[in-house]
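Computed over heavy atoms, backbone and side chain alike; hydrogens, waters and symmetry mates excluded. Lettering of chains follows the sequences in order, A, B, ..., and the numbering in each one begins at 1.
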There are 2 protein chains.
Amino acid sequence: MKKPSSTQASAARSKAVTEKKPKSPAIRIVLADDHHVVRQGMAAIIATEPDLKIVGEACDGEQTLALCAELKPDVLVLDLRMPVLDGFEVVKRLITDDPAACILVMTTYDTDEDIWRCLRAGAKGYILKDASQPEIITAIRTVARGESFTTPLLAVRLANRATAPELSPRESEVLQLLAYGKTNKEIATALNIEPGTIKSHIQSLFKKLGTSNRSEAINAASKRGLIRMS
Amino acid sequence: MKKPSSTQASAARSKAVTEKKPKSPAIRIVLADDHHVVRQGMAAIIATEPDLKIVGEACDGEQTLALCAELKPDVLVLDLRMPVLDGFEVVKRLITDDPAACILVMTTYDTDEDIWRCLRAGAKGYILKDASQPEIITAIRTVARGESFTTPLLAVRLANRATAPELSPRESEVLQLLAYGKTNKEIATALNIEPGTIKSHIQSLFKKLGTSNRSEAINAASKRGLIRMS
DNA sequence: ATATCGCTATCCCATTTGGGAGAGACACGG
DNA sequence: CCGTGTCTCTCCCAAATGGGATAGCGATAT
């Protein structure tokens, strides 16, 4: 699925920095973040390292895909929350095209579930936006070598997350509606099944989440990023 | 309560940029954000304007207070989410000291309640981190003149928020525990009152939030930022 | 072919919750 | 002093929820 690099710049407002031939083989980076401030900040940090070079910037998921296809960067530094196509989708698609792609996910306040999904999908690294400059640089270099980098803090949380049972698709649906404040009857109507069946699903949910009532379930699910309540 | 500016740099790791006498009266800015990346980005953006000058940076609430007391900046650009002391507290204390202080709150994904509280406490402006460079610059200049600046998008949401009734202190307590997944009996025990009384409070909550069950209440409260579930 | 898993459904029973209507005590501001 | 609001508590009743057991059906994996 690799497109030849002759592809014309196809991303709408994406900004492909004009390339200079690097004397030493610099690490070529694409930066994807919808916040202008963050892109500026990353650019400033990366500019301090001569062997790191931002070759393109994107501010949504589609641009990111287009830009990566076009520029074939050594590393993609990727924000999870982006318009149009979110970070997780981007990771999935890029890894499908090229399983060896080096993706460093960078995010602010995200849940274990997001992190987990991205790493499972093939992202090589995961750092938080409050990381220090050296940590960011190290992470980029490590991922560029094809190795994986994860903040120790996250590693612990991921260990917990790994032991938690997955929800079935139906359970996820029920959980969404439950979290939205629907009654069993309403959920049943929405899903076109019997209210009693909803009770069964909710019983399963409670067991998997380790909770004993709806509110606790909403809490647990929110913490784990199984539902989004914003 | 204004301390003389002779105060020694007291903030632990705060970074006071060495002052040069500006030829034209530049707008002196203190930047408070716990994310190194964001500080770098803001610095880069502000550096493009000759009449704007960052005189200090802080990465938590206490540093921010110390730095403002010491440097008396024209504008404080303040992130809401910070360790030690959150942004709202900083606004409150600074405004207490100097009601004319020019504070521009800058944040990412925050709730109407946060915004509302800050503006009510006396912040002059409120922008989102995904603002464009011109918008950021304009916001800083506007706030520096003592005028107020708020993203149009936020103005609408604030209008809604203004009509919502306030919760009483007791109701807030009950809401917290309810949202945590406690039963009426548990809440009663925690607050040392009768379970029946909890029901009364919850009835009030439902009316004020416009909900009819716990899950909906958790939802509404979360949206409005009345509770925090992370 | 057999086992497992997910989805569906039903029955019973105890507990919790939601809705309504009061009412006394206390503090605060006009 | 009087109204208002908050916090407290009570009683009643209907609806929703939580817990348990059980079971058919289809798909999928072993």
Residues pairing under salt bridge (charged side-chain N to carboxylate O under 4.0 Å, His left out) where one sits in residues 168-190 of chain A, two or more places apart or in two chains, turn out to be A:Arg170-A:Glu173, A:Glu171-A:Lys208
Expected output is a numbered-order residue list: members of residues 164-171 of chain A with a heavy atom under 4.0 Å from any atom of DNA chain C. What is it? A:Ser168, A:Pro169, A:Arg170
For residues 218-227 of chain A, which residues have at least one heavy atom under 4.0 Å from DNA chain C? none
Report the residues that fulfil side-chain hydrogen bond (donor to acceptor under 3.5 Å, both in side chains) with B:Arg145, sequence neighbours left out, ordered by chain and then residue number. B:Glu147
Sequence neighbours excluded, every pair satisfying side-chain hydrogen bond (donor to acceptor under 3.5 Å, both in side chains) that has a member inside residues 194-206 of chain B: none
Between A:Val38 and B:His35, is there a side-chain heavy-atom distance shorter than 4.5 Å? no
For DNA chain D, what residues of residues 189-197 of chain A have any heavy atom nearer than 4.0 Å? none
For a 4.5 angstrom cut-off between non-hydrogen side-chain atoms, does A:Gln176 reach A:Ile227? yes
Through what angle, rounded to 10 degrees, does the axis of the helix from C:dA1-D:dT30 to C:dG30-D:dC1 turn between its ends, using five pairs per end? 50°
side-chain contact (heavy atoms from CB on, under 4.5 Å) with A:Arg117: which of A:Asp114, A:Ile115, A:Leu119? A:Asp114
Please list, in 5' to 3' order, the outermost nucleotides of DNA chain D lying under 4.0 Å from any heavy atom of chain A. D:dA16 to D:dG19
For B:Arg120, enumerate each residue passing the side-chain hydrogen bond (donor to acceptor under 3.5 Å, both in side chains) test, keeping only those at least two apart in sequence or located in another chain. B:Glu166
Below 4.0 angstrom, which residues in residues 200-211 of chain B have at least one non-hydrogen atom near DNA chain C? B:Gln203, B:Phe206
Heavy atoms only, 4.0 Å cut-off, all strands: where does A:Lys199 land among base, sugar-phosphate and nothing? base
Distance from A:Ile187 atom CD1 to A:Leu178 atom CG, nearest 0.5 Å? 5.0 Å
Backbone N/O of A:Ala179 and side chain of B:Asn219: donor-acceptor pair under 3.5 Å: yes
Let me confirm one number: the CD1-SG distance from A:Ile29 to A:Cys102, rounded to the nearest 0.5 Å. 11.5 Å
Donor-acceptor under 3.5 Å (B:Lys124 side chain, B:Ala101 main chain): yes
Residues that B:Arg224 engages under side-chain hydrogen bond (donor to acceptor under 3.5 Å, both in side chains), provided they are two or more places apart: none
Whole-Å gap separating C1' (C:dT17) and CD1 (B:Ile198): 13 Å
So SG of A:Cys59 and CG of A:Asp79: to nearest 0.5 Å the spacing works out to 11.5 Å
Do A:Thr108 and B:Thr108 have side-chain heavy atoms sitting under 4.5 Å apart? no
Step through the shown structure and confirm whether more than 12 heavy atoms of other residues, nucleotides or ligands are within 6.0 Å of OH on B:Tyr180. no
The criterion is salt bridge (charged side-chain N to carboxylate O under 4.0 Å, His left out); which residues satisfy it with A:Asp34, sequence neighbours excluded? none
Once you round to the nearest 0.5 Å, how far does OG1 of B:Thr107 lie from CG of B:Leu128? 7.5 Å
